[in-house]
Structure formats: structure tokens, C-alpha cells
Asker: 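The structure that follows is given in the form of C-alpha cells.
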There are 2 protein chains.
Amino acid sequence: MTQKIDFLSKNQQIVLEIIEKAKEPLKAYSILFSVQKKGIKAPPQVYRALDRLIKLGKIHKIESKNAFVACKNDSCTISNATAFSICDSCEMVTEISNPKLSKYLANFQDETGMRYNKYNLEFFGLCKKCKK
Amino acid sequence: MTQKIDFLSKNQQIVLEIIEKAKEPLKAYSILFSVQKKGIKAPPQVYRALDRLIKLGKIHKIESKNAFVACKNDSCTISNATAFSICDSCEMVTEISNPKLSKYLANFQDETGMRYNKYNLEFFGLCKKCKK
DNA sequence: TTTAAATATGTTATATTATAACAAAGCGTA
DNA sequence: TACGCTTTGTTATAATATAACATATTTAAA
Ligand SMILES: [Zn+2]
Ligand SMILES: [Zn+2]
Ligand SMILES: [Zn+2]
Ligand SMILES: [Zn+2]
């Protein structure tokens, strides 16, 4: 649909489209179920596509949920710096794109002097709706 | 060993001790294997202890690895604010305890105004040893 | 154009991680 | 004692993920 999608293989496109259409994070086996009508029959086909899409930064894995969301952040072509906001009640997940935060984390150095090339941050709380 | 350990049940103590002794994050089934000589025979026994220890802040789950580490941070009695440094090469995991970082994250607010009561941050890179 | 390498796919089986469901035991206390 | 509550034990199964190997498709040299 977008330009870059042309670089994706058939299975990768199928999997990406279903994740992009979803309003919430999708689990691998729910993706598998959804794409069976399109000829993808087995877990490895889904997991391969997921792995590739993650490397390309088109999707991200929400580690605390073992679920996958489309990247909503155009500048996030390589997924080495991700931050999410997760509602404990309705399970809504939003990708945070906050320049100050990403700058702060990208430059963060701990006592050991270790330099990081990747981070993933997950915030938990109650979203507006669920706070009411 | 410490005072608070007295509040733990037998299985919880057994599981905590093995995690504290370990130099690297332990997987649930490797814990299960290790504690079988002490009478813990089935996964639910291990997972129950893990769940409880996490709630108490005695251990943390490294989400990207599905593995568990003992908390090295005395102030971390409730595990609602965790940050880890993970080596991509040797898989070493260190809990980061950096007041500036935790203050920054505890006070972080995104555009939506959602307020967070918990976060987990995982940094990836190469540790000193592996950089050489 | 032929050949070879690299990439993507299909398929079966299996490994790994985690929970459901229910029974029994232990413990504090009214 | 008898009641509630927590912990434990146990079996089975659900959910997540990968190994291994065969085939097909695309790409790029030769
Ligand atoms: Zn993104
Ligand atoms: Zn919500
Ligand atoms: Zn801690
Ligand atoms: Zn290392």
C-alpha cells in the first residue's frame, strides 16, 4: 500500500496488513488463524514474517504481552528504540513517540560505561477511558 | 537469609534461593529441574512461587528472555520500576539502579496525559568483556 | 542463457513457556 | 472444634516458538 511495502515478500505483506488493520496488539496464533484463508498454514510462516517485519521496523513486539503492533512512528525504520504505553485494564497499547524521551534514553549511560544500541520501554497504567 | 525471607513460604524460599545463587537469569523450566531434588515436581509450583516473588519485588522477569533474576536493588521492594542492561553477546543481565533515570521515568508523562504506575526498561548492547 | 547463490516458502514435528482445574494439606482463629 | 484462608500437590492441557528439511522463487554472475 505504501511505497516500502513493495520490498516485502507475499507472506510478509499479508501479515503486515492484518497487523496494521488491527486496533489492538495481535498474538502470533491469532494472526495465523486470520491468514489461513490466504494460504498461510503453519506457525513458522507467521513467525518468519514477524521476525522480518520486526527487523525492518514495520512492527514491534510487545514483550510483556507476546503480541505484535504496527509501528506508528514514521521515523522508526529500524526498531532499536521503542517505548509503549499499556493500559492494565483495557490492554490498549500506544507507541510513544516523544523526542525528549528518546533522546534521553539514546544518550543514557550507566555506571559501567556500557553503551547501548537498542532499548525497549514499556509503561503501564490506566488509560483515560479506564481511569473514569 | 535476609529478614524478609521469613515471610516466604517453603516453595517460595527454595525458588528464590536458586535464583539468588545464579549468576545469570534463569528460565522457569531450568528452575524446575534444579529444584526437583527438593520436592518441587511440577510447573505450577514453580510459576506460583515466581509470581509471588515478582509481586514482592524479590525477583524480576526479563521479558525479552522469559527469564528471572534476583533483585539487586534494596529499594526495589515493589517491582514497579525496573531497568536492565543486557549484553547481546554473552547474555549477561544487570539491574540498573540509577536515581536520575528512575526519577526521569517515574515523572514521565506523554501527550495523552496518561499517568503510569509501572515501567520496565531493557537496554541492549555489548558489555565491556564482549566489546574487546 | 545457463549456473549458482541467496532468499522465501511449505510442511511436519517438536520444543518451550505458561495456565486451568481440582484435590488435599496446613494454619490461624473464632 | 470448625471455619476460612493460603499453600501445596497433581494431572492435563493451552499457548508460544523453533528445528529441520524439502521445494520453489528470485537475483546476479559467469
Ligand atoms: Zn515504531
Ligand atoms: Zn484502558
Ligand atoms: Zn529490583
Ligand atoms: Zn557480554
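Naming convention: chains lettered A, B, ... in sequence-line order (proteins, then strands); numbering from 1 in each chain.
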Asker: B/N11 side chain: which of D/dT10, D/dT8, D/dA17 is closest?
Answerer: D/dT8
Asker: So, A/Y116 and A/D110: side-chain donor and acceptor under 3.5 Å apart, yes or no?
Answerer: yes
Asker: On DNA chain D, nearest-nucleotide positions of B/I40 versus A/K27: which is more 5'?
Answerer: B/I40
Asker: Is the backbone of B/C87 close enough, under 3.5 Å, to the side chain of B/E91 for a donor and an acceptor to pair up by distance?
Answerer: no
Asker: How many whole angstroms separate atom NZ of A/K10 from atom P of D/dA24?
Answerer: 14 Å
Asker: From CD of A/Q45 over to P of D/dA20, roughly how many Å is that when rounded to an integer?
Answerer: 19 Å
Asker: Figure out the CG/C1' separation between B/N66 and D/dT16, and round it to whole Å.
Answerer: 9 Å
Asker: Under a 3.5 Å distance rule, please check whether A/K58 uses its side chain to pair with a backbone N or O of A/L50 as donor and acceptor.
Answerer: no
Asker: Hey, which of these two, B/Y29 or A/Y29, hits DNA chain C nearer its 5' end, going by closest nucleotide?
Answerer: A/Y29
Asker: Measure from CZ on A/F7 to P on D/dT27 and round the result to the nearest Å.
Answerer: 11 Å
Asker: Between B/Q12 and A/K65, name the one whose nearest nucleotide on DNA chain D is closer to the 5' end.
Answerer: B/Q12
Asker: Roughly, in whole Å, what's the span from CG in B/L8 to P in D/dT7?
Answerer: 10 Å
Asker: What range of DNA chain C does chain A touch, first nucleotide to last, counting atoms under 4.0 Å from its heavy atoms?
Answerer: C/dA8 to C/dT12
Asker: So if I take every side-chain heavy atom of A/P43 and compare against D/dT10, D/dT18, D/dT8, which nucleotide ends up nearest?
Answerer: D/dT18
Asker: Classify the side-chain pair A/E111/B/N98 by whether it contains a donor and acceptor separated by less than 3.5 Å.
Answerer: yes
Asker: Taking atom types as modelled, find out whether B/E122 and B/S64 have a side-chain donor-acceptor pair closer than 3.5 angstrom.
Answerer: yes
Asker: Once you round it to whole Å, what is the distance between P of D/dC5 and CZ of B/R48?
Answerer: 18 Å
Asker: Take the protein atom OH of B/Y47 and the nucleotide atom C1' of D/dA14, then report the distance between them rounded to whole Å.
Answerer: 12 Å
Asker: So, B/E20 side chain and B/E17 main chain: donor-acceptor pair closer than 3.5 Å or not?
Answerer: no
Asker: For the residue pair A/Y119 and B/F124, is the inter-centroid distance of their aromatic rings smaller than 6.0 Å?
Answerer: no
Asker: Quickly work out the B/K61 NZ to D/dT16 P distance and round it to whole Å.
Answerer: 11 Å
